2 protein chains.
Amino acid sequence: MTAPDWQSLPDRLRARGLRWTPQRRVLVDVLSRTRGHVTGSQLLERCRAIEPATIPSTVYRTLDVLEELGMVRHGHAADGREEFHVLPEADHGHLHCGACGGSWDLSANEADGLVRSLRAGRGFVVDLSHVTIVGRCGACCGEPGTEGW
Amino acid sequence: MTAPDWQSLPDRLRARGLRWTPQRRVLVDVLSRTRGHVTGSQLLERCRAIEPATIPSTVYRTLDVLEELGMVRHGHAADGREEFHVLPEADHGHLHCGACGGSWDLSANEADGLVRSLRAGRGFVVDLSHVTIVGRCGACCGEPGTEGW
DNA sequence: ATTAATGCAAACGGTTTGCACTACT
DNA sequence: AGTAGTGCAAACCGTTTGCATTAAT
């Protein structure tokens, strides 16, 4: 798990008969400065900050390609939007506070017990990067106004 | 945790100044025969099976009301769609196999370790009904064709 | 010269909105 | 009569598609 090799990406694309384009450069530019997770539309936004002419379909199609190359992986955030993880950060899930909307990483370490017991008990292999645990963070647990849980 | 009290629902609505309508009857009809989780569009579909004239907005608006009354709770499925849980089934999360698309319940029991350690370590209170763990089920773990994980 | 990739526009699916109308209380 | 709820249609958001055009190889 070393840092993603963005430098060699153009060559790896060409090695597969794929192409290195200005549009892909912009997205890779954004991704290479991204830690952790982002949604597709956030990426689109950030690409547009650099190149306002960026088109959604191009971004999404390029993300597909990058996922095939193993540069990113996608999952689903708590609100259901596509969420891309820039690899290869340590495999982790997410905690999402339904009260304040905050989000935190869930380390493989913390999830280890669950991961093990599901594997042992059911043969189910957890893909931690797709895991989002929703609940209430410590700060929000005492808060009034959302008791209806 | 007894069975949801659908019988008294009309009265409970009226007690709040809300109303009991034929459209709501259809949805409640569907819900009362539903175990576990369904997506909004599945509910819409099932309502239309009974009453083809069912309108989406009515279903979604009624689901909001029912959630306020505590009859259902919503979360997000692995693919990001709204997922409604008919209460008060035992609080549980879901396992979703990314290979075969299968889905299984994750009991509070099985998640207990994680729930405890998050509470202890971070003060984070898990809302299990919002939890979907994605991965690969035992049957799919040996299967070829999706090694790229 | 090939053919991958783009831009555009339109469609998608699930959900939400505004508003005039209906019907429960 | 009052107002919650409905039906309709249109908008929404993020994402995906088809297709003619452009441009990397």
Side-chain angles (χ1 to χ4, degrees), chain A residues 9-30 37-48 50-69 71-84 132, chain B residues 8-30 37-48 50-69 71-84 101 132:
Chain A
L9 180 58
D11 285 339
R12 278 182 293 137
L13 283 169
R14 289 188 267 252
R16 295 193 169 208
L18 306 179
R19 295 168 189 183
W20 181 239
T21 67
Q23 296 83 349
R24 290 184 172 180
R25 219 185 63 66
V26 171
L27 177 56
V28 165
D29 221 52
V30 167
H37 52 284
V38 257
T39 65
S41 53
Q42 280 173 334
L43 289 171
L44 173 56
E45 227 174 83
R46 296 182 195 178
C47 285
R48 284 186 157 152
I50 297 174
E51 172 52 72
T54 303
I55 261 68
S57 52
T58 299
V59 170
Y60 287 107
R61 285 190 282 225
T62 299
L63 285 168
D64 286 348
V65 172
L66 293 178
E67 187 157 18
E68 262 158 47
L69 295 191
M71 307 297 287
V72 299
R73 184 180 284 195
H74 85 283
H76 289 277
D79 65 352
R81 283 147 53 170
E82 295 264 17
E83 182 170 80
F84 291 88
T132 298
Chain B
S8 72
L9 180 58
D11 286 340
R12 279 182 293 137
L13 284 169
R14 288 188 269 252
R16 296 193 169 207
L18 306 179
R19 295 170 188 180
W20 182 238
T21 67
Q23 295 84 347
R24 289 181 175 182
R25 219 184 64 63
V26 171
L27 176 57
V28 165
D29 221 51
V30 168
H37 51 285
V38 256
T39 64
S41 52
Q42 281 173 334
L43 288 171
L44 173 56
E45 227 174 84
R46 295 182 195 178
C47 285
R48 284 187 156 151
I50 296 175
E51 171 52 72
T54 303
I55 262 70
S57 51
T58 299
V59 171
Y60 287 107
R61 285 189 282 224
T62 299
L63 285 168
D64 286 347
V65 171
L66 293 178
E67 187 158 18
E68 263 158 46
L69 295 191
M71 306 298 287
V72 299
R73 184 180 284 196
H74 84 282
H76 289 277
D79 65 352
R81 282 146 58 172
E82 295 263 18
E83 182 170 79
F84 291 88
T132 297

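Quick note on labels: first sequence line is chain A, next is B, and so on, each numbered from 1. Just so you know, these numbers come straight off a predicted model, no measurement behind them.
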Protein heavy-atom contacts under 4.0 Å, written 5' to 3' over nucleotides 17-25 of chain C as B (base), S (sugar-phosphate only) or - (none), form the string BBB---BBS

Separation of D/dT25 P from A/R16 CZ (nearest whole Å): 16 Å

Suppose we screen for side-chain hydrogen bond (donor to acceptor under 3.5 Å, both in side chains). Which residues come up paired with B/T21, at least two apart in sequence or across chains? B/Q23

Return the value, rounded to whole Å, for the distance between atom CD of A/E45 and atom C1' of D/dG14. 12 Å

Could you state the atom-to-atom distance from CD of A/E68 to P of C/dA4 in whole Å? 13 Å

List in chain and number order the residues that pass side chain to side chain contact (heavy atoms under 4.5 Å, CB included) with B/V26, two or more places apart in sequence or in another chain; answer none if no residue qualifies. B/C47, B/I50, B/E51

Find the distance A/L9:CG to C/dA5:P and express it as a whole number of Å. 11 Å

Non-neighbouring partners of A/R61 that pass side-chain hydrogen bond (donor to acceptor under 3.5 Å, both in side chains), sequence neighbours left out: A/S57

Between P of C/dT6 and CG of A/L13, the distance in whole Å: 10 Å

Using the side-chain hydrogen bond (donor to acceptor under 3.5 Å, both in side chains) criterion, which residues pair with A/E67? Sequence neighbours excluded. A/H74

Please report, rounded to the nearest Å, how far the C1' atom of D/dT25 is from the CZ atom of A/R12. 19 Å

Between atom CZ of B/R46 and atom CG of B/L44, what is the distance when rounded to the nearest 0.5 Å? 11.5 Å

Nearest 0.5 Å, please: how far is CH2 in A/W20 from CG in A/L9? 5.0 Å

To the nearest angstrom, the CZ-C1' distance between A/F84 and D/dG14 comes to 11 Å

Of all the nucleotides listed (D/dT6, C/dG7, D/dG14), which has the minimum atom distance to the side chain of A/Y60? D/dG14

Tell me which of B/G40 and A/G17 sits closer to the 5' end of DNA chain C, going by the nucleotide each one is nearest to. A/G17

Just the rounded figure in Å: distance from P of D/dG18 to CD1 of A/I55. 19 Å

Stems with DNA chain C, 3 or more Watson-Crick or G-U pairs in a row (under 3.5 Å), are C:1-14 with D:12-25, C:16-25 with D:1-10

Mind checking side-chain hydrogen bond (donor to acceptor under 3.5 Å, both in side chains) for B/T58 and listing every partner two or more places apart, or none if nothing turns up? none

Gap between atom CG of B/L63 and atom CZ of B/R24 - 0.5 Å precision: 10.5 Å

Given D/dT6, D/dG7, C/dG7, which nucleotide is nearest the side-chain atoms of B/R24? D/dT6

Considering only residues two or more places apart or on different chains, which pairs with a residue in residues 12-21 of chain A satisfy salt bridge (charged side-chain N to carboxylate O under 4.0 Å, His left out)? A/D11-A/R14

